[in-house]
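First comes the structure, then the notes that go with it.
Order of the sequence lines sets the chain letters (A, B, ...), proteins ahead of strands, with each chain counted from 1. Because only heavy atoms are used, hydrogens play no part in the values below, and waters and symmetry mates are left out as well, while side chains stay in.
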Amino acid sequence: MSGREAILGKVRKSLGGGPNDAARMVAVEARLAKAPKGVIPERGQLDEKARRKLFVAMAERVSATVRQVKSYDDVPKAVAEYLRSRNLPAAIRVGADKRLAKMPWATQKALSIKHGASDGDDEAGVSHAFGAIAESGTLALTSGGDNPTTINFLPEHHIVVLDAKDVAGDMETVLAKVRRQFGKGEMPRTLNFITGPSRSGDIEQKLLLGAHGPRALHIIMVGG
Amino acid sequence: MEITSPRFKQNAREALADPQLQKAMGNVRSGFIDKRQAAVEALPEFDALRDNARAIKDHALSNLDLYLEAYEAKVRAAGGFVHWAETAEDARTVILDICRAAGARTVTKGKSMITEEIGLNEFFEKNGVKPVETDLGEYIIQLRGEHPSHIIAPAVHLNKEQVEADFRRVHDHLPASRDLSEPEALLGEARRVLRAAYFDADVGITGANFLVAETGSSIIVTNEGNGDLTQILPKVHIVLASLEKIVPTLEDAAQILRVLARSATGQDMSVYTTVSTGPRRLDDPDGPEEYHVVLLDNGRSSMLGTEFQDMLRCIRCGACMNHCPVYHEIGGHAYGWVYPGPMGAVLTPALIGVDKAGHLPNASTFCGRCEAVCPMRIPLPKMMRHWREREFERGLNPATARGGLKLWAFFAKRPWLYRLTTSMAIPVLSLFGGRKGRFRFLPLAGGWTRHRDLPAPESRTFMQQWRGREALKQETGGKQGAAR
């Protein structure tokens, strides 16, 4: 008997399986199909303007920095200014995201841009967020050529461009958007929820930023 | 790992006499409790979320076979492999086979208590594979040849001077004159050393906080980002998870995530919550080429349908040990195996046998704080009591304890005799208790009085006092009623 059959057999036996299997199957299929929402905290259930304000406040509370700009055209300048303010070399790593590609990078003549996945030598990487959660100040990013996952983790500084329209109140709203975009039950290879820069409290419970992932998380919120 | 649970009492005595440990445990007593409290108070829906989290897990456990099958089908559809392991040995074998097929010499590991449970590191070393722990706390204890003393803060039993000494000993390629006096410097050094390891590794192994049946995804939660670098850089990602990690949908995971980080560290969300599904896709420039899930039973299926089923709701937040007065005093290693604190006192006997771990459920004051803070509302004290019953049924307690219990039971079953005896004994004890109202020593109670005083009883028994109270109520009943 294979491990699979042995384990499933033991589970069924322990659950006293058999007589009510049909009813159980119906319940399981219904839950998988409907994916009911549970308790949604009031905190993030706000109008658009208040929701964005909450997102900024919550992100700053977990040590991210946030810069708000009017349009995508302002992003390259904001990126260059961030790098200067932190005394970083004028160099970034970006993926193939069209929203990022369309921006006027040529205005920042000193800025050198590498494309593709990070190789671990980048000081700063720029990604475009899939969405954000006001309730907890969390960013959502999806893997792929547009925004390679290595950019989220290898550079010392992670700069994330976020369309203010994509700020949701709660995680469930972002999950619904994942379903719309990728199909029900389908997922990108990696969906990252990121709440502030990397940290560790493993030495004497003292909280320190920059454990293995980025030391700094800078969010550039466009519009709103 | 060697199981030292049978010598729990000796372990506890040694822990109490260890000044380094006692200093480090001060960080647990002061840190976790206040942070959790603040996070919980800031979310009015916290208790409603706990109720729903419990309902989700109860539903998933009652239909575990069906959700496991649904989950497996989705993993395979996404291009991943699912391996079923009945025992720790099965899991070790299948993991080593995957590593050998990938030609792996170095394996990086995200934090996973289940790899501790199956003794994976020792097994790798015996078979010529080098495991590298990447969570900072896990890395530190790996250097020391130790095991975690806490399920989310594995090195909580250590002080920074001990970590500095280990880094100087192991990182001997670095200049001896460097300053490592502050935790920042220690973290920076570990970051640089481990960065190289991520790129060298052929296989990355992580645990899972959740397995999602709807999508075939595994979810891990970390603050450092080590679990992510462990899974996106090597060619092969192996997820080792026990059966009960299954939740039906992403929404169900979202509910439990809201109580997980708050209960663990007092954060609203951990820094990185990562949902992984299958290997890299055709157009992905990064991510693993192979994705394997090893589903471990190792005793879980036998807990289903018993009085210990509720324990399978555990999400490993650590709140129970953070609030446990016994854990605070003795730390995690005294428990003698992988899982310490109240959750360990319930889970360990189920996994390694009550004959070996019987001391653990006895090491509780039944103060109830663990159950009060458990986000999954697991009745931990009740289950410890179940283990005490089983220990007694199987005759595993020492003869004196059994004799004492039998004697007490004899009186308890004969209330008139019990009352008569106590009404005679209590005034005597009260008299001898003296003005201090407590005993430093009492015949037959040495096990208690060796470590603490026994409070002397009041001059009357509880029943006598109760009757007095009731009589008083009768007299003043009318007035009290009016006052209300």
Side-chain angles (χ1 to χ4, degrees), chain A residues 2-4 6-8 10-12 14-17 24-25 27-28 31-32 35-39 41-43 116-117 120 136 138 143-145 148-150 152-153 171-172 175 185-206 208 210-213, chain B residues 27 31 43 45 48-49 52 63-67 70 74 84-86 90 136-137 153 155 159-160 163 183-184 186-187 191 199 213-215 217 223-226 228-229 232 248-251 254-255 268-269 271-278 280-281 283-287 297 301-302 304-305:
Chain A
S2 75
R4 180 183 192 277
I7 290 172
L8 286 172
K10 272 199 274 185
V11 168
R12 285 200 186 99
S14 296
L15 291 173
R24 290 200 306 134
M25 261 179 224
V28 165
R31 189 164 193 111
L32 291 175
K37 285 188 197 180
V39 178
E42 281 293 310
R43 187 194 285 174
S136 51
T138 301
S143 58
T149 304
T150 37
N152 303 345
F153 294 97
M171 184 181 267
E172 284 76 358
L175 294 173
E186 303 303 315
M187 295 291 287
R189 150 62 202 170
T190 311
L191 169 63
N192 290 121
F193 290 103
I194 299 180
T195 311
S198 159
R199 68 199 60 195
S200 175
D202 271 348
I203 300 174
E204 296 191 350
Q205 305 307 292
K206 186 180 173 195
L208 302 170
H212 292 280
Chain B
N27 296 324
L43 190 73
E45 295 88 350
L49 283 159
N52 198 34
N63 299 287
L64 189 60
D65 50 337
L66 301 175
Y67 281 120
K74 290 303 290 185
W84 301 72
E86 276 188 271
D90 292 348
L136 178 61
N159 297 298
K160 66 178 193 232
V163 180
E184 285 85 349
L186 295 166
L187 175 70
R191 179 186 168 103
F199 283 95
E214 178 198 5
T215 56
S217 309
N223 277 326
E224 298 183 4
N226 62 307
D228 290 278
L229 291 171
I232 56 178
T249 66
L250 292 168
E251 273 71 6
Q255 291 287 293
D268 285 5
M269 283 272 284
V271 176
Y272 300 111
T273 299
T274 299
V275 187
S276 308
T277 315
R280 73 159 77 176
R281 311 295 157 79
D283 58 345
D284 281 350
D286 49 24
D297 182 345
S301 59
S302 328
L304 281 172

**OP:** Can you see which heavy atom on B:Thr249 is nearest to which on A:Arg31, and at what distance?
**Re:** CG2-O, 3.5 Å
Original post:
Relative to chain B, which of A:Ala27, A:Gly210, A:Gly201 shows the most heavy atom pairs under 4.5 Å?
Top reply: A:Gly210
Subject >> Backbone N/O of A:Gln205 and side chain of B:Asn27: donor-acceptor pair under 3.5 Å >> reply: no
Original post:
Should the pair B:Asp65-A:Lys10 be classified as a salt bridge under the 4.0 Å nitrogen-to-oxygen rule?
Top reply: no
Original post:
Side chain, backbone, both or neither: which part of A:Thr149 has a heavy atom under 4.5 Å from chain B?
Top reply: both
**OP:** Please round to the nearest 0.5 Å and tell me the distance separating atom CG of A:Leu15 and atom CG of B:Asn63.
**Re:** 7.5 Å
Subject >> Contact origin within B:Leu250 toward chain A - heavy atom pairs under 4.5 Å >> reply: both
Subject >> Which portion of B:Ala85 sits near chain A, non-hydrogen atoms under 4.5 angstrom >> reply: backbone
**OP:** Please report the closest heavy-atom contact between A:Val11 and B:Ser301, naming both atoms and the distance.
**Re:** CG2-CB, 3.9 Å
**OP:** With a 4.5 Å cut-off on heavy-atom pairs, point out which of A:Gly196, A:Ala117, A:Gly116 contacts chain B the most.
**Re:** A:Ala117
Original post:
Out of curiosity, B:Asp286 CG to A:Thr190 OG1, how far, rounded to the nearest 0.5 Å?
Top reply: 7.5 Å
Subject >> Residue, of A:Pro41, A:Gly145, A:Pro188, that accumulates the most heavy atom pairs under 4.5 Å with chain B >> reply: A:Pro41
**OP:** Any chance you could measure B:Leu43, atom CG, to A:Ser136, atom OG, to the nearest 0.5 Å?
**Re:** 10.5 Å
**OP:** Could you tell me which of B:Glu251, B:Arg281, B:Arg191, B:Glu45 has the largest number of non-hydrogen atom pairs under 4.5 Å with chain A?
**Re:** B:Arg191
**OP:** Evaluate the criterion side-chain contact (heavy atoms from CB on, under 4.5 Å) for residue pair A:Asn152 and B:Tyr272; output intermediate values, then yes/no.
**Re:** CA-CA 10 Å; A:Asn152 303 345; B:Tyr272 300 111; over 6 Å; no
**OP:** Calculate, to the nearest 0.5 Å, the distance between atoms OG and CZ belonging to A:Ser143 and B:Arg280 respectively.
**Re:** 10.5 Å
**OP:** In plain terms, say whether A:Lys206 and B:Glu184 are close enough for a salt bridge, that is, a side-chain N and a carboxylate O under 4.0 Å apart.
**Re:** yes
**OP:** Please report the shortest heavy-atom distance between B:Leu304 and A:Ser14, naming the atom on each side.
**Re:** O-CB, 3.4 Å
Original post:
How long is the span from the CE atom in A:Met25 to the CG atom in B:Leu66, to the nearest 0.5 Å?
Top reply: 5.5 Å
Subject >> Stepwise side-chain contact (heavy atoms from CB on, under 4.5 Å) test for A:Thr195 and B:Asp268 >> reply: CA-CA 9 Å; A:Thr195 311; B:Asp268 285 5; over 6 Å; no
Original post:
Which distance, rounded to the nearest 0.5 Å, do you find between the CD1 of A:Ile7 and the CD of B:Glu86?
Top reply: 5.5 Å
Original post:
For the residue pair A:Glu172 and B:Ala254, what are the closest heavy atoms and their distance?
Top reply: OE2-CB, 3.6 Å
**OP:** Identify which part of B:Lys74 has an atom lying under 4.5 Å from any heavy atom of chain A, answering side chain, backbone, both or neither.
**Re:** side chain
Subject >> Which portion of B:Asn52 sits near chain A, non-hydrogen atoms under 4.5 angstrom >> reply: side chain
**OP:** Under the side-chain contact (heavy atoms from CB on, under 4.5 Å) rule, what do B:Met269 and A:Met171 come out as? Steps first, then yes or no, please.
**Re:** CA-CA 11 Å; B:Met269 283 272 284; A:Met171 184 181 267; 3.5 Å; yes
Original post:
Got a sec, which residues hit side chain to side chain donor-acceptor pair (under 3.5 Å) with B:Thr274, two or more places apart in sequence or on another chain?
Top reply: A:Asn192, B:Asp228
Original post:
Which bit of B:Leu64 is near chain A, if near means a heavy-atom gap under 4.5 Å: side chain, backbone, both or neither?
Top reply: both
Subject >> Least distance between heavy atoms, B:Glu214 atom then A:Ala35 atom >> reply: OE2-CB, 4.4 Å
Subject >> Distance-only side-chain donor-acceptor flag, A:Ser200 / B:Glu224, under 3.5 Å >> reply: yes
Subject >> Partner chain A: residue of B:Ala155, B:Gly225, B:Ala213, B:Pro248 with the largest heavy-atom pair count (under 4.5 Å) >> reply: B:Pro248
Subject >> Shortest non-hydrogen separation from B:Ser217 to A:Met187 and the atoms involved >> reply: OG-CG, 3.7 Å
**OP:** Could you please spell out the steps behind the salt bridge (Lys or Arg N to Asp or Glu O under 4.0 Å) verdict for B:Asp284 and A:Arg189?
**Re:** CA-CA 8 Å; B:Asp284 281 350; A:Arg189 150 62 202 170; over 6 Å; no
Original post:
In terms of heavy-atom pairs under 4.5 Å with chain B, which of A:Leu208, A:Val28, A:Ile194 leads?
Top reply: A:Val28
Original post:
Can you name the residues that form a side chain to side chain donor-acceptor pair (under 3.5 Å) with A:Glu42, not counting sequence neighbours?
Top reply: none
**OP:** Tell me, out of B:Gly305, B:Pro285, B:Gly137, who's got the most heavy-atom pairs with chain A below 4.5 Å.
**Re:** B:Pro285
